[in-house]
Amino acid sequence: MRPTLRYSLPLVAGLAIFIGGGYLLVSATSRSWTEGDVQLRSELAVRGARQGLLEHWQKGDRRGVRKLIADITTDERILSAAACDTAGQVFARTDDFPDSIGCARFVEGAFGPGPAQVWNQRATLQGERVYLTAVPIVSEQANVGVIGLIHDMRFAQQRDELFRRAAIWLFAFLAVGAVLLSTATARAALRGVRTELRGLLLGGSERPEFVPLLQDVRELARQLAADERVAEGGRAWNPDRLREVLHEHLRGERVVIVANREPYIHERDPEGGARVLHPASGLVTALEPVMRACSGVWIAHGSGAADREYTDANGHLAVPPGEESYTLRRIWLGPDEERGYYYGFANEGLWPLCHIAHARPHFGREDYEHYRRVNQRFADAVCEEVDRDDPIVLVQDYHFALAPQMIRERLPRAAVLTFWHIPWPNAEQFGICPFREALLQGLLGSSIVGFHVQAHCNNFIESVDRYLESRVDRERIAIVHGGESTLVRPYPISIDWPNHWAGRSPPADECRREVLRELGLPEDALLGVGVDRLDYTKGIEERLLAVERLLERYPRFRGRFRFVQLAAPSRTAIDRYRELNESVELLAARINATFGDGEYRPIILQRQHHEPPRVFRYLRAADVCYVSSLHDGMNLVAKEFIAARDDLRGVLVLSQFTGAARELTEALVVNPYDLEEASSALAAALSMPAAEQEERMRALRTLVAEFNVYRWAGRMLADAARLRQRGRLTQRLAVGAA
Ligand code: F6P
C-alpha cells in the first residue's frame, strides 16, 4: 500500500466516526431539549388557566372549560386540546381534537400507578409527528381530570434538522481543525527534533538526549570503514599497495593518463626566468600522487609560457622536478584551438551544462569543431605513447568526451577508463546540448565511465537511454551500444594519505603564528578560510554573504572574526569569470565598509595564484574552513583541510551540494543559499568546544585516510585490468572456436 494511503485511510475512518458520533449526540440532545421545552410550555399554559378550569369543571360548565382550553390552543405550537375526566371520557374539547387520539391514554398517563404527574408521549397524526401532553387538574379533595394537549412538532423537526446540520458542520470543522492542529503540532515537534539533531551535528545543541545518537552514528561510520577494509583484505591503501595492484594486474606496464591540465606549469617569473607552478586543480591534486606511485605518461596541454623551454622535441619532460618518476607529455595548442576547445566548448558549454549554478551554456559549432580536433590530437598522442596494443588508458574529465571512441578506433583492444570529474546533469538538462549524441557516443568508447557519486552515474545512464539507440544492462550497470559494452561506476575521488603537502607543512601552531603575523592580526583573532579557483560554481559570493550575515546576527564576532579568501584567478578569458572577479571584489569591499573599524577588515580577499605550501599554512591556521560550492562533483579542498589538521582542531563547514558532503558527515553541512543556516553554522563552528572539534576531526581523518586516492586509483585500475583480461579470454575462445 502506498504510504499516503496507509496513513489517510485510518485518518478518514477516524474523522467519519468522530463526525457520526457527534451527529448522534447532538440529535439526542436536541430531542430531549425539545421535549423538555414542550412539557414546560404545557404546564405553564395549563397552570395559568387552572383556577378557571377547576371552577368551570366543578360546576359542570363544559362551555367554560372549552373556552379556556381553546385559549390555550392559541399558542401556535398547540394544535388542539381536550379536557378529559378521570374515567377517560371527553368533558370538553376544541373542534379539531381528533377522535382517534381520544382521552384514555392521557388519563392513564397522568393518573397511572403512583401520584398524578405530567405525562407526555410522541405520536403520529395523519403522518405528521405530534407530541401528546397530559397535565393533571387536581382539586384539594380529588383528581378532577386532565388537560390533554396535542403539540405540533414540525417546528421541533425543523429545529432538529437545523441542529443536526450545524452539528455536522461543527464536528467536521472540529475534526479537521483537530487534525490540522495535531499535524501542525506533530510537524513542529518533528521540526524541533530535526533542528535538535541538526544542531547536534552542527555543534550547536547541548541536549544530552541526542548525544548517544551522535555516538551511535559515529560508531556506525567507524564500523563501516572497518568492514570496508576487511572486505578489501584488511590492508590500508597507500602508494605501496597501489604499486602492488599495478604489478599484479598490469605487470609493470605504464599507465597513460589524458588530462587537459598539466601537473607542473613552467611560467615566466618577473625577473625573466621561469618557475614551476602547481595549478589550482582538484584533478591534479588527486592524480599527481597516483602518477608518482605508478609511473607512466601524463598527456596534457602545455599551457605555461615557459613550458616549451623545458621539454624535449617530443614534448616530453620527466617530473616531478627533482624527484622524477613519470613523464609529462605536453601537447601544444594554438590560440584558436585553446579558445574553441578549452574556453569555448569545454568551459562555456559543458561546464555550465553540468553544474547547477545558473550560468547559461553556450555551444558554438566552431568551438565544437576545435573540441573534436583537439580530442583527436590527444587520442593520437595516446597511440604514440603506448607500448602495446591493449594498454590501459585513463581519460580525465569533460575536456575529452570524444577521445575514448577515437582511442578505441585506433586501439580496439585498449581498456579505456574515463573519469568525469564534474557532475553529470539529468537527462533533460543534458538534452539541451546540440551535440549530445556525439558526446555520448564518444564516451561510450570507454570500457568504464566513472563518476564521483551514484546519482551522476544514474543521470548518465538516463541520458544514454533517452538519446542513443542502446541497451541498459541493469544487472551489470552497463550500457551496450554498437555491440560494445561500457560499465558505469561510482569512484569517489580523494587525496593522498599521508598527504604530501601536509607532511611538509610546519606544525599547526607555527602555521597559525605565521599567518597571523603575515596578516597583522592579534593572537586571539578568529580566522575563517576559503580556498578556490575563482569560479561561479564555488559559491564565493554566497560565502561572503554568509560572513556578512554572521556579523549582522552575532555582534560578538565583530572586530574579532576575519575571513580569508584565497582565490586563484581562473578562465579569465571568459566574460562570466571576469564578472565574478568584479562582483566578489565589490562584495568584499561592501562588507568591509559596513563592518570595518579602524584596522579591522572582516574580509581579506587574496586574488592570486597560491602555491600548495601557502594554502596548507592557511588551512592549518584557520578556526573554520567554509566550502560553499553551489554544485561540485567532489571538492577536494574539503579533504585537504582535513589532511592539514593533524592537530585535530578546526571545523569544516561544507555545502550539501558537493560530492564530499555525502562522505564527510562530521562536517557542518549547510545549504550555501540559506544564509541563516550558513551563518548559524559559522557561529556554531567558531563556538565549538575543543573536545567536540577533536572528536569530529578525528572521525573525518579516519574516513579520508581510509578512502584515499590510492584506493580510488587502485579500484579503477583493477576494474579496468579485469575487463581487459576478460576481453583477452573472450578473444582467445573466439579464435579457438573458429
Ligand atoms: O573540476 C573539474 C576540473 O577539471 C577539476 O578537475 C579542476 O579542479 C578544475 O576543473 C580545473 O580547472 P582548469 O583546469 O580549467 O583550471
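Residues take their numbers from the sequence shown, with the count starting at 1. Start at 1 and go down the list; that is how both ligands and their atoms are numbered.
- Ligand 1 places these atoms under 4.0 Å from at least one heavy atom of Y342: 13 (P), 15 (O), 16 (O).
- A salt bridge links E253 to R724: one of the charged nitrogens lies within less than 4.0 Å of a carboxylate oxygen.
- Atoms of ligand 1 lying under 4.0 Å from any heavy atom of D397, numbered from 1 in the order shown and given with element: 2 (C), 3 (C), 4 (O), 6 (O).
- Checking side-chain atoms of W712 against main-chain N and O of Y491 turns up a donor-acceptor pair under 3.5 Å.
- Remark: R292 engages E323 in a salt bridge, criterion side-chain N to carboxylate O under 4.0 Å.
- Ranking protein heavy atoms by distance to atom 16 (O) of ligand 1, first place goes to R261 NH2, 3.2 Å.
- For Q396, the heavy-atom gap to ligand 1 stays at 4.0 angstrom or more.
- Remark: ligand 1 atoms within the under-4.0 Å shell around heavy atoms of G282 are 7 (C), 8 (O).
- Only the side chain of W351 comes within 4.0 Å of ligand 1, counting heavy atoms alone; its backbone N, CA, C and O stay farther away.
- Of the protein's non-hydrogen atoms, R533 NE, 3.6 Å is the one closest to atom 11 (C) of ligand 1.
- Near S281, with a cut-off below 4.0 Å to any heavy atom, the atoms of ligand 1 are 7 (C), 8 (O).
- Looking from atom 6 (O) of ligand 1 to the surrounding protein, the closest heavy atom is L283 CB, 2.9 Å.
- Checked by distance only, ligand 1 and R571 come closer than 3.5 Å through their nitrogen or oxygen atoms.
- Residue Y398 places no N or O, backbone or side chain, under 3.5 Å from any N or O of ligand 1.
- Environment of CD in E369: crowded, with over 12 heavy atoms of neighbouring residues, nucleotides or ligands closer than 6.0 Å.
- A cation-pi arrangement is found for R571 relative to W351, the charged atom lying closer than 6.0 Å to the ring centre and inside a 45° cone about the ring normal.
- In this structure, R543 fails the cation-pi test against F563, since its NZ or CZ atom is not both closer than 6.0 Å to the six-membered ring centre and inside 45 degrees of the ring normal.
- Heavy-atom neighbours of I432 CD1 from other residues, nucleotides or ligands within 6.0 Å: above the threshold of 12.
- A donor-acceptor pair under 3.5 Å links the side-chain atoms of Q429 to the main chain of L353, judged by distance alone.
- Residue contact check: I422 has heavy atoms under 4.0 Å from atoms 1 (O), 2 (C) of ligand 1.
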